[in-house]
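Comments concern the structure below.
In each ligand, atom 1 is the first atom listed, and ligand 1 is the first ligand listed.
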Amino acid sequence: MPVYLDYNATAPLHREAADAMASLAEQPANASSVHSFGRTARAMLDKARGTLASHLGVSPHEIIFTSGGTEANNLLLSNFDHIITTAIEHDAVLAACPDARLIGCDRQGRLVLAALETELQACQRLKKRAVVSVMAANNETGVIQPFEEVAALCRHYCVPCHSDMVQYLGKADINLQESALSFASFSAHKIGGPGGVGALWCRSGEHLASLLRGGGQEQGRRAGTENLAGIIGFCAAIDCIDIEALRAQAQWRDMAEAMIMSACPQISVIGSNADRLANTSALYLPGVAAQTAVMMLDLQGFAVSAGAACSSGKVKPSHVIAAMGIEGAAGHVIRLSGGWQTSEADWTGVAGAVIELYKRGAA
Ligand code: PLP
């Protein structure tokens with residue numbers, strides 16, 4: 001069985017999530033129906049909403065279920081006409097707001113706060129509905145953004161702040177009640193829930209119009225019958241979150257990185273001086289094409305990735321690595337990302353395979 005080290009692309013489905021979804025398999029479940037089936041579905045939906053809300057430390061009515069992180073980001077951004085975001089966001093943000101003002105980042109992959117403040121000052125003069133959107137953690141590098149500092153700065157300038165927390169959920173503690181954020185996006189399949197389900201958190205008092213036109217589901221903020229099976233799978237996966245266990249990955253990841261860099265000093269770790277997600281390692285392999293490295297590691301039994309895979313399955317040069325200004329690195333970075341099924345032996349195994357391929361490839 002190959003070793004799966006691509007959790008940031010998607011995580012394996014938790015057994016608990018699969019069982020929860022299977023329990024609904026033959027049951028009609030439209031939570032808007034008034035008959036007993038509908039009332040049962042409504043109760044399940046309410047329970048699931050409560051599970052996610054309590055994990056985030058928010059009220060259930062602040063949760064809007066969506067078809068995933070992409071839709072959550074699009075729904076949020078479609079409500080604003082002046083958007084300030086970073087150059088290293090996921091395409092689910094960048095493509096949703098092509099006219100946005102982009103903030104750059106430093107060589108460690110952290111956004112430049114002073115540049116954000118300049119944008120916030122400029123935006124005071126505009127008579128537009130503005131929002132700042134800053135991801136909590138980057139999917140390619142695992143670098144954690146100072147999103148609370150960002151949100152506090154936004155509050156100072158009376159501009160609401162959104163965070164794409166798709167990669168952060170399940171890997172670090174989240175308490176949105178105490179946060180200065182107003183909105184956050186989540187996705188089920190990154191935490192062992194099913195694909196095609198996610199949520200947007202919208203703080204009480206913030207108004208959002210539905211992006212989709214149709215029924216009045218989700219308090220009029222997301223039209224369309226709720227994907228109840230997916231939602232209860234999402235919330236079963238929430239119950240499986242074990243942050244401490246995930247944090248243990250950092251030690252194995254660091255060990256693997258140290259092994260690789262001592263055997264091949266030309267290889268470097270992207271974002272190594274920044275706070276990073278415990279499960280993620282982005283390695284710059286000078287002289288080796290990332291796509292070739294991914295194929296060679298696949299043959300050795302390790303499933304890893306190169307930058308962000310687009311829908312065609314091809315690898316495109318990473319805008320994240322390019323924005324970090326590391327000369328020549330785009331196209332030579334591979335990402336290893338572990339999760340709850342990843343063992344210490346998997347990390348040392350992949351380190352050995354990277355060393356072997358680099359010594360062969362760069363020779
Ligand atoms: N945001 C980030 C940071 C992601 O990594 C992803 C998925 O890769 C998304 C958004 C999109 O989420 P989904 O696949 O649920 O649409």
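- For the pair T70 and ligand 1, the shortest N or O to N or O distance falls below 3.5 Å.
- Under a 4.0 Å criterion applied to the non-hydrogen atoms of M135, ligand 1 contributes the atoms 3 (C).
- Considering backbone and side-chain atoms alike, N8 places every N or O at 3.5 Å or more from each N or O of ligand 1.
- Each of the atoms 3 (C), 5 (O) of ligand 1 lies under 4.0 Å from some heavy atom of N139.
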### Task
Could you go through the side-chain hydrogen bond (donor to acceptor under 3.5 Å, both in side chains) check for E89 and T86 one step at a time?
CA-CA 6 Å; E89 298 298 310; T86 79; 2.7 Å; yes

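- A distance of 12.0 Å separates CD of E218 from SG of C202, quoted to the nearest 0.5 Å.
- Taking the six-membered ring where the residue is Trp, F37 and H35 present perpendicular rings, their angle passing 60° and hence far from 30°.
- A side-chain N or O of Y157 and one of Q121 form a donor-acceptor pair less than 3.5 Å apart.
- In the vicinity of S187, heavy-atom distances shorter than 4.0 Å reach the ligand 1 atoms 13 (P), 15 (O).
- Summary of contacts: the protein heavy atom closest to atom 10 (C) of ligand 1 is D164 OD2, 3.5 Å.
- Close contacts between ligand 1 and G68 involve ligand atoms 15 (O) [criterion: under 4.0 Å to a heavy atom].
- Using a 4.0 Å cutoff on heavy atoms, E89 does not count as a contact of ligand 1.
- Environment of CZ in R101: sparse, with no more than 12 heavy atoms of neighbouring residues, nucleotides or ligands closer than 6.0 Å.
- Residue contact check: H189 has heavy atoms under 4.0 Å from atoms 13 (P), 14 (O), 15 (O) of ligand 1.
- For atom 4 (C) of ligand 1, the choice among M165, E140, H90, E71 with the nearest heavy atom turns out to be H90.
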### Query
F147 and Y168: ring-ring contact (aromatic ring centres under 6.0 Å, His included), yes or no, with the steps?
CA-CA 11 Å; F147 60 88; Y168 199 69; 5.2 Å; yes

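- The aromatic rings of H14 and W340 sit parallel to each other, their planes meeting at less than 30°, with 60° as the upper class boundary.
- Backbone and side-chain nitrogen or oxygen atoms of Q167 are examined, and one is located within less than 3.5 angstrom of a nitrogen or oxygen of ligand 1.
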